[in-house]
Amino acid sequence: MKTVMITGAAGLVGGALRKHLGAHYRLVLLDRVAIAPLAEGETAVQCDIRDGAALLAAMQGVDAVVHLAGEPTEAAWDAIREANIEGCYQTVEAARLAGVRRFVFASSNHAIGYHLRTETLDPDCTTRPDTRYGLSKVFGEALLSLYADKFGLTSVSLRIGTVLNPDAPRELRHLSTWLSHRDLAQLVRCSIEADIHYEIAWGVSANTRKWWRDRSAERLGYRPQDNAEAFAAQFGEIDAAAGNPVALAHQGGVFCSWERGR
Ligand SMILES: NC(=O)c1ccc[n+]([C@@H]2O[C@H](COP(=O)([O-])OP(=O)(O)OC[C@H]3O[C@@H](n4cnc5c(N)ncnc54)[C@H](O)[C@@H]3O)[C@@H](O)[C@H]2O)c1
């Protein structure tokens, strides 16, 4: 059985993954906050991802790292720089030094948020970050490209759409971006197991209205089971971008209009 480290394991995505991955892997749960109680097969490490030495010690014997820790939305530059640039760098570098074989990175659709909603994108599209947060995800993807080519640390960067708790879409944009917990878990398992060098894949369910083509995910063997459309009647016309032309035009939604007005 492989040992898989999840950074940011105390968070929303980490919690969803723990439920599904625990049956397949020994899990090392790393976060800056304490995690308890632990299930069988889980161990916890409390550390900050800016602490390279602590990361290296915790990664001994780890086969794959699923890197979730960091600022999960737009924030001031200092916070983004510390967690998503410095913290991401330290985590990837520790993985290299520890001999980890596979790195799975929680990137985001906000790396491409200024693409129009009328476009259908492939994973190799131009990046168009919509925030400092999205920019930090472009950094992480590029860092992993470098580490795959230079050092052989194979990786998948997952441009996740929207993962929610409770596990259901709640507004119109989610009909395009939603990723269910079970599809997320399947995609992460595929990302750990597939015979690849470096991939970028969309983290999205089989949504009728999705804006992204899944060629890369197909190469990983990912076959999503869920479709946000099944929930469409439950929230009617609720739209966080309503009355906001910039948000309505772009895939990143309100992330595109923050700080610039409309
Ligand atoms: N939830 C989504 O819809 C979504 C969409 C796209 C991408 N993502 C990405 O997935 C990842 C997880 O998102 P989430 O929604 O679970 O966020 P979250 O805030 O619930 O979880 C993030 C976790 O990271 C930990 N953390 C933050 N800074 C840390 C540090 N310096 N050292 C150690 N731990 C630290 C936090 O304690 C927290 O438990 C993030 O990288 C986010 O950008 C999430």
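First listed ligand is number 1; within each ligand, the first listed atom is number 1.
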Task: atom 17 (O) of ligand 1 [closest protein heavy-atom partner, distance rounded to 0.1 Å] - done: Pro72 CB, 3.4 Å
TODO: Can you figure out which of Leu158, Val163, Leu179 has its heavy atom closest to atom 3 (O) of ligand 1?
DONE: Val163
Open item on the list: Counting only nitrogen or oxygen atoms and a 3.5 angstrom limit, does Thr162 reach ligand 1?
Closed with: no
Task: Closest approach of any protein heavy atom to atom 32 (N) of ligand 1, naming residue and atom - done: Ile49 N, 3.0 Å
Open item on the list: Considering non-hydrogen atoms of the protein only, which is the closest contact for atom 31 (N) of ligand 1, and what is the distance?
Closed with: Asp48 OD1, 3.2 Å
Open item on the list: Polar contacts were defined as any N/O atom of the residue lying under 3.5 Å from an N/O atom of the ligand; does this apply to Ser107 and ligand 1?
Closed with: no
- [ ] Could you tell me whether Arg96 sits above the aromatic face of Phe151, with NZ or CZ closer than 6.0 angstrom to the six-membered ring centre and within 45 degrees of the axis?
- [x] yes
- [ ] For atom 34 (N) of ligand 1, find the nearest protein heavy atom and state the residue, atom name and distance (0.1 Å precision).
- [x] Arg32 N, 3.3 Å
- [ ] With heavy atoms only and a cut-off of under 4.0 Å, state how Lys137 meets ligand 1: side chain, backbone, both or neither.
- [x] side chain
- [ ] Could you give me the CA-CA distance, side-chain angles and deciding distance for Thr177 and Asn109, then say whether side-chain hydrogen bond (donor to acceptor under 3.5 Å, both in side chains) is met?
- [x] CA-CA 8 Å; Thr177 62; Asn109 69 92; over 6 Å; no
Open item on the list: Do the side chains of Arg18 and Glu42 get close enough for a salt bridge, i.e. N-O under 4.0 angstrom?
Closed with: yes
TODO: Determine, considering heavy atoms only, which of Ser108, Gly8, Gly15 sits nearest to atom 23 (C) of ligand 1.
DONE: Gly8
Task: Salt-bridge present (Arg213, Asp122; N to O < 4.0 Å) - done: yes
TODO: Could you check atom 43 (O) of ligand 1 against the protein and tell me its nearest heavy-atom contact, residue, atom and distance included?
DONE: Tyr133 OH, 2.6 Å
- [ ] Just need the protein heavy atom nearest to atom 4 (C) of ligand 1, so name the residue and atom and give the distance.
- [x] Ile160 CG2, 4.0 Å
- [ ] Measure the acute angle between the ring planes of Tyr133 and Phe255, then classify it against the limits of 30° and 60° as parallel, tilted or perpendicular.
- [x] tilted
TODO: For Leu68, take its heavy atoms, then give the atoms of ligand 1 lying under 4.0 Å from any of them.
DONE: 11 (C), 12 (C), 40 (C), 41 (O)
Open item on the list: I want to know if ligand 1 touches Gly11 in the polar sense, i.e. an N/O pair below 3.5 angstrom.
Closed with: yes
- [ ] Hydrophobic side-chain clustering at under 4.5 Å (ILVMFWY, transitive links): who's grouped with Val204? Put none if nobody.
- [x] Ile112, Leu121, Trp202, Trp211, Trp212
Task: Close N or O approach (Gly14, ligand 1; < 3.5 Å) - done: no
- [ ] Look at atom 39 (O) of ligand 1 and say which protein heavy atom is nearest, naming residue and atom and giving the distance to 0.1 Å.
- [x] Asp31 OD2, 2.7 Å
Open item on the list: Under 3.5 Å between any N/O of Val33 and any N/O of ligand 1: does that happen in this structure?
Closed with: no
Task: Nitrogen or oxygen atoms of Ala69 and ligand 1 under 3.5 Å apart - done: no
- [ ] For the pair Tyr89 and Tyr147, name the ring-plane relationship: parallel under 30°, tilted 30 to 60°, perpendicular over 60°.
- [x] perpendicular
Task: Distance-only polar pair, side chains of Asp31 and Thr7, donor-acceptor under 3.5 Å - done: no
Open item on the list: Under 4.0 Å, counting heavy atoms only: does Ala16 come that close to any atom of ligand 1?
Closed with: no
Task: Of the listed options Gly70, Gly203, Gly161, closest to atom 22 (C) of ligand 1 (non-hydrogen atoms) - done: Gly70
TODO: Enumerate the atoms of ligand 1 whose separation from the nearest heavy atom of Cys47 is less than 4.0 angstrom.
DONE: 32 (N), 33 (C)
Task: Within one Ile-Leu-Val-Met-Phe-Trp-Tyr cluster: Trp77 and Trp258, side-chain cutoff 4.5 Å - done: yes
Open item on the list: For ligand 1 and Val13, I'd like to know whether there is a polar contact (N/O to N/O, distance under 3.5 Å).
Closed with: yes
TODO: Determine, for Arg102 against Asp63, whether the closest basic-nitrogen to carboxylate-oxygen distance falls under 4.0 angstrom.
DONE: no
Open item on the list: Using a 3.5 Å cut-off on N or O atoms only, is Leu30 in polar contact with ligand 1?
Closed with: no
Open item on the list: I'd like to know if the side chain of His250 pairs up with that of Arg117 as donor and acceptor (distance under 3.5 Å, no hydrogens or angles considered).
Closed with: no
- [ ] Taking atom types as modelled, find out whether Ser205 and Asp226 have a side-chain donor-acceptor pair closer than 3.5 angstrom.
- [x] no
Open item on the list: Test: salt bridge (charged side-chain N to carboxylate O under 4.0 Å, His left out). Region: residues 129-143. Which pairs qualify, not counting sequence neighbours?
Closed with: Glu74-Arg132, Arg132-Glu259, Glu141-Arg159
TODO: Please examine the side chains of Leu17 and Val66, heavy atoms only from C-beta on, and report whether any two atoms are closer than 4.5 Å.
DONE: yes
Task: Geometric N/O contact Arg50 with ligand 1, under 3.5 angstrom - done: no
Open item on the list: Distance check, rounded to the nearest 0.5 Å: Glu82 atom CD versus Arg50 atom CZ?
Closed with: 5.0 Å
Task: Protein contact of atom 9 (C) of ligand 1 - nearest heavy atom, named by residue and atom, plus distance - done: Ala106 CB, 3.8 Å
Open item on the list: Once you restrict to heavy atoms under 4.0 Å, what part of Ala9 touches ligand 1? Side chain, backbone, both or neither.
Closed with: neither
